[in-house]
Amino acid sequence: MRSIFHAFRGLLLATLFFGAQGAIAAGPIQVTVGGKVYVLTSEGYTYTGNEALFQAQPWWGNPALAASITNAVQYQLEDYDGDPGVPDVPSALVGYGISGSDVSITYWDGTFQDCPSGCPDVADFYYYIFATEVRPVAVPALPLGGLLILAGLVGVAGLRRLRR
């Protein structure tokens, strides 16, 4: 009886462990696209019931930005089904619109792919890429000493040019 209990407990723990693996989000990663830093994750959702989440993405309605995100990420956020990236298998999807009852997506499967229609149904569960943060690329400020040195170098260059 005791061995049956241990076997059942082991099976239950294994089921819970491996069952939870599909629900774990991949990321976050950072990519820089068009002068902005995007902090991205991939999470499993259906569009239906999560419309506001999808529509809040910076690339929603912008297929060009969706393409740039897809090309920057590729397999860094795993496959559309949450497994590690494998060539010829679609990467996590970048949803950028709705076409009828389908989500318009871009994805990576060894090369860039755009699927504006006939792709995942709005009720289909897939792993999509979501932005958790978007910020401008930080331009390092030049300290006052650096500005003075730069101004001096420009001045010297101007004087040398005047002497010629």
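Quantities reported herein were computed from a predicted structural model and do not represent experimental measurements.
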Inset, instruction - Locate the shortest heavy-atom distance separating L40 from A131; write the atom from each residue and the value. - result: CD2-CA, 3.7 Å
Inset, instruction - Spell out, as yes or no, whether a donor-acceptor pair under 3.5 Å connects the side chain of Q113 to the backbone of P90. - result: no
Inset, instruction - Establish whether L77 and V134 are linked, either directly or via other cluster members, by ILVMFWY side-chain heavy-atom contacts under 4.5 Å. - result: yes
Inset, instruction - Determine, using the 4.5 Å side-chain heavy-atom cutoff (strictly less than), whether Y126 and L53 are members of one ILVMFWY cluster. - result: yes
Legend entry - P120 and its side-chain contact (heavy atoms from CB on, under 4.5 Å) partner, picked from D102, L93, T46: L93
Inset, instruction - First locate atom OG1 of T70, then atom CD1 of I105, and finally report the distance between them rounded to the nearest 0.5 Å. - result: 8.5 Å
Legend entry - Residue that, paired with Y45, satisfies ring pair (Phe, Tyr, Trp, His ring centres under 6.0 Å) out of F125, F130, Y80: F130
Inset, instruction - Quick one: closest heavy-atom pair of Y75 and G110, and the distance? - result: OH-N, 4.0 Å
Legend entry - S91 side chain vs Y107 backbone, donor-acceptor pair below 3.5 Å: no
Inset, instruction - List the steps, then state whether side chain to side chain contact (heavy atoms under 4.5 Å, CB included) holds for D109 with V89. - result: CA-CA 5 Å; D109 70 354; V89 173; over 6 Å; no
Legend entry - Backbone of D81 reached by a side-chain donor or acceptor of D79 within 3.5 Å: no
Legend entry - Donor-acceptor pair, side chain of N71 and main chain of S68, under 3.5 angstrom: no
Legend entry - Minimum-distance pair of heavy atoms, taken over all atoms of P116 and S104: O-OG, 2.6 Å
Legend entry - Side-chain donor/acceptor of N62 to backbone N/O of L65, under 3.5 Å: yes
Legend entry - Distance, nearest 0.5 Å, that separates OG of S117 from CD1 of I98: 12.0 Å
Legend entry - Contacts of type side chain to side chain donor-acceptor pair (under 3.5 Å), residue Y128, not counting sequence neighbours: none
Legend entry - By side chain to side chain contact (heavy atoms under 4.5 Å, CB included) - contacts of Q74 (at least two apart): W108
Inset, instruction - Give, for atom OH of Y47 and atom CZ of F54, the distance between the pair rounded to the nearest 0.5 Å. - result: 8.0 Å
Legend entry - Short side-chain to backbone donor-acceptor contact, T132 and V39, under 3.5 Å: yes
Inset, instruction - Sort out for me which residue in I69, I129, I29, V73 forms a side-chain contact (heavy atoms from CB on, under 4.5 Å) with Y38. - result: I69
Inset, instruction - With the side chain counted from C-beta on, respond yes when Q30 and R135 share a heavy-atom pair under 4.5 Å apart, and no when they do not. - result: yes
Inset, instruction - Examine distances only and state if a side-chain atom of E51 and a backbone atom of G49 form a donor-acceptor pair shorter than 3.5 Å. - result: yes
Legend entry - Nearest atoms (heavy-atom pairs only) where G95 meets V103: CA-CG1, 4.0 Å
Legend entry - Exercise: identify the closest heavy-atom pair between W59 and A66: CB-N, 3.7 Å
